[in-house]
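Chain A is the first sequence line, chain B the second, and so forth, proteins listed ahead of strands; every chain is numbered from 1. Quick caveat: nothing in here was measured; it's all calculated off a predicted structure.
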Amino acid sequence: MDALISKWHQELELFSAIKPLIILEGNVLDQYRYPVAGSIPEDELVPLPRYLHGYLTDNGYDQVVFYSNLMGFMNPYAPGMVEQYARLAGVQAQEGVIPAEFKGNKADTAPNIIRRAMTQQKAATATVLELASHYIVTPERMDQHDVNSFNLLMQSALSAATVRTPMGRRQNLLIILVNKLNDLPAWFYLNNPVCKVINLEAPDREERKRLISGNAFASFFDSTVYRTDMPYYQQHPEELERLREKFVGLTEGLTFTELDAMRRLSKQECTPIRELCSIVDLYKYGIKENPWELLSMDSLRNAKQDFEKRIKGQNAALERTLDVVKRAVTGMNGLSSSSTAKPKGVLFYAGPTGTGKTETAKALAEKLFGDESACIRFDMSEYGQSHSDQKLMGAPPGYVGYEAGGQLTNAVKKNPFAILLFDEIEKAHPSILDKFLQILEDGRMTDGQGNTVYFSETIIIFTSNLGIYVKDALGNRQPNVTMDMDYGEVEKRVRAAIEEYFKLELGRPEILNRIGENIVVFDYIRREAGEAILRAQVDKIIRRMEEQKGIRIKIEDFAYESLKEAALFDLSNGGRGVGNQVEALLINPLSRWLFDNEVLSNADVLIEGFDVTAKPPCVRCKVMEDDHA
Amino acid sequence: MPENLYNLSDIVEDLWGASAQMEEKKPAAPQQPVYQSTFPPFEQLWKTADDTVDWTDALAHDKPTDGLTSQNLWAFFHQHAEKVLQGDTAAYVEVLQAANPLGDLAAYAQSFDVETLNADQLQVSFQAKAAYLGKSEGETCRYLCAVALRIARDLMALLPVREVIVLAQQEGAALLNVAFDRGELQKVRFSFIDPVAFVTACGGNFVK
């Protein structure tokens with residue numbers, strides 16, 4: 001295989017020749033794949049300090065020494081180098097260590113020693129400051145000793161000497177490893193002409209692929225599993241390639257250390273080659289059974305009928321919703337994208353109020369995960385402030401509520417297999433939409449505590465009333481769609497209004513792009529659907545009364561017709577409006593009548609009529625004597 | 001062939017040495033079996049096993065990745081990894097000869113004969129030691145099962161086989177035959193099992 005050299009390594013190679021001060025920030029605690037055979041074998045994963053030792057010695061540096069404020073100067077990989085470094089800097093090493101504090105007035109503080117080593121021309125030296133984020137309490141509250149120490153380091157870099165070596169000229173180097181750049185005082189690196197900051201990022205796609213290619217692939221499996229499974233994949237290399245691609249997609253954002261841990265986990269669990277990707281779930285979520293894989297095709301085949309029992313009159317919307325689910329189940333989700341770590345599906349439910357948007361999300365949760373509570377609802381009207389993102393993702397360190405974490409991140413951490421329902425998304429602050437961009441694109445989010453939460457097993461549903469009303473030229477709210485329009489017209493107008501909102505009003509077309517073709521417009525509750533909703537609600541009330549009180553209720557046909565006419569008179573509030581009418585015309589008057597007539601249990605009641613014009617509405621009932629007997 | 005490649009006998013001796021010293025401090029129990037005073041006890045035998053050889057790591061790396069295996073031993077594994085992972089039985093034989101995985105069981109049984117039936121199966125026969133037999137039928141069974149289980153564990157640790165068939169004999173007469181499946185062995189917590197019950201569950205056949 002050709003050498004694959006990471007971007008940061010290339011930058012290090014480039015800038016170490018011209019800048020004596022290199023700051024490596026970011027993923028400094030990770031392991032890295034050594035790209036070319038040298039003092040470290042090619043492709044071996046090693047901790048960053050060992051990597052740097054290998055790289056620097058392979059490139060002609062005579063002395064490579066690591067400093068930490070706890071241990072002093074040392075080199076666990078070549079202890080002899082410390083002795084020579086000590087001689088160059090005019091200090092004494094004790095058993096392979098040069099003890100030195102980072103700050104203070106003494107002549108032998110670490111910055112003083114480094115300055116002497118950097119300015120000498122006898123041997124090419126590289127000094128690596130490890131864990132440099134922890135040398136001072138905070139850059140904002142440095143005392144004079146802290147300032148002096150960093151000042152000395154800066155002077156060392158400014159006056160670094162160049163040394164002639166058998167491999168050519170080398171500049172004495174100071175490399176500082178920090179978790180975050182702002183762990184160092186800004187004046188130290190900003191506008192510093194001899195300083196180069198290099199970011200250490202998680203391994204990219206090519207590097208992850210390299211990790212599971214060639215013989216390295218074998219090391220992901222138990223020996224017996226590999227011996228047994230591999231002959232099949234040698235016959236079907238295209239399947240192996242697909243498996244690798246999927247794994248590479250699923251592991252986006254993971255560090256080398258995590259990937260290596262995953263490798264060992266796979267081996268320990270004797271994961272078959274065909275189930276390689278399941279190890280990602282096991283590693284991320286700690287569970288072996290993925291509810292997505294437990295879904296039976298039969299239950300999905302009948303899903304539409306099951307949904308129609310709960311959601312009336314929304315054929316098109318249900319069809320679109322199930323399309324997304326089927327895509328997720330068949331694994332075709334994300335095929336058009338480079339990342340397979342994206343959520344399983346994204347749906348944007350739009351439409352008039354009371355048309356079953358939230359109910360569909362709940363029904364979907366029950367269908368997919370066997371429990372309605374797997375639908376986690378966030379009322380986005382509660383997130384209308386610019387700082388509301390902290391409620392969702394958690395406050396940063398030092399802020400109130402930091403310990404509590406974020407509502408969204410906590411929920412997904414607790415239950416990674418869920419439907420996330422963001423109700424009335426248009427009411428959220430636009431800054432929150434930025435967070436959603438990351439979730440939709442990368443499928444992950446890091447909370448305030450630094451924990452990464454994965455959304456790759458979730459379905460994300462946004463609901464919105466956008467497009468139902470629009471503002472006219474005077475800024476007045478006008479209906480954009482009405483009940484007398486057919487579904488096609490409603491869908492067209494609502495879609496257009498949503499696009500206009502994101503593109504023009506919000507100025508964020510990229511959000512619309514992430515939602516893609518997944519805008520699902522719910523139709524108005526039409527007369528036929530209204531009748532079905534009314535029937536379902538009345539039947540439910542009758543059933544409950546019998547189950548709980550032993551009261552068997554019958555409604556005369558003409559009475560039911562009058563109830564229907566009244567309840568369905570105005571369907572502009574959708575199914576919720578029908579429910580409100582049932583409450584007002586049936587439940588309240590009936591319970592009043594039962595109470596007034598002391599019919600509290602075990603009776604047969606016939607509803608003869610409804611007086612819907614009375615204030616309040618009332619029912620005409622009678623108890624059927626001996627009818628049941 | 002690299003010398004002394006895979007012999008844990010020193011460690012095992014250390015272990016027994018320590019337990020023997022502890023035994024000396026206890027007052028002699030009148031009903032203890034005679035063999036405990038003259039032969040090493042087998043009560044821990046199935047609870048330990050040789051380290052598992054990571055053939056896939058050995059294939060991928062030419063230097064030890066575990067920080068424990070010696071360079072020489074790793075080099076041997078690296079050299080044989082490809083063939084072993086292809087299920088080459090000739091390579092199995094080479095590895096068995098070099099590693100001598102049952103050498104540390106000499107105190108408990110003798111005349112080990114390991115046969116590679118195919119890439120998935122090994123068959124081992126051994127002669128039981130008379131000193132461990134005959135106190136009672138239960139103790140004999142326990143001894144045979146302990147040794148059989150340990151043999152299976154050691155061989156599965158060394159080679160990527162799915163099944164190890166163990167035949168225990170004495171003077172040509174069969175005492176026990178049992179086939180151990182890797183999948184079953186992987187599920188077991190050896191510290192908590194009774195070897196006789198486990199061998200029975202594996203379909204072990206005790207010949208009376």
(message) For a quick test of reading the model, state the closest non-hydrogen atom pair linking B/V161 to A/T224 and the distance between them.
(response) O-CG2, 3.9 Å
(request) Provide the closest heavy-atom pair for A/S223 versus B/D54 in the form atom of the first, atom of the second, distance. (result) OG-C, 4.0 Å
(message) So which atom in B/T56 and which in A/Y226 form the shortest heavy-atom distance, rounded to 0.1 Å?
(response) CG2-CB, 3.7 Å
(message) If the contact rule is any heavy atom under 4.5 Å from chain B, which residues of residues 254-268 of chain A qualify, in numerical order?
(response) A/R263, A/K267
(message) Is there a side-chain contact between A/P41 and B/H61 in this structure, where contact means two heavy atoms from C-beta onward sitting under 4.5 Å apart?
(response) no
(request) With the side chain counted from C-beta on, respond yes when A/R227 and B/D120 share a heavy-atom pair under 4.5 Å apart, and no when they do not. (result) yes
(request) Could you list all the salt bridge (charged side-chain N to carboxylate O under 4.0 Å, His left out) pairs where at least one residue sits in residues 75-91 of chain B, not counting sequence neighbours? (result) none
(message) For A/E238, I'd like to know if atom CD has over 12 heavy atoms of other residues, nucleotides or ligands within 6.0 Å.
(response) yes
(message) With a 4.5 angstrom heavy-atom cut-off, is it the side chain or the backbone of B/A58 that approaches chain A, or both, or neither?
(response) neither
(message) Just verifying a value: how many Å separate B/Q86 CD and A/M230 CE, rounded to the nearest 0.5 Å?
(response) 10.5 Å
(request) Identify the two heavy atoms, one from A/N215 and one from B/L59, that lie closest to each other, and give their separation to 0.1 Å. (result) ND2-O, 3.5 Å
(request) Taking the side chain as every heavy atom from C-beta outward, state whether A/T228 and B/R162 have any pair of such atoms under 4.5 Å apart. (result) yes
(message) Within a 6.0 Å radius of atom CD on A/Q234, are there more than 12 heavy atoms belonging to other residues, nucleotides or ligands?
(response) yes
(message) Once rounded to the nearest 0.5 Å, what's the spacing between atom OG1 of B/T65 and atom CG of A/L45?
(response) 11.0 Å
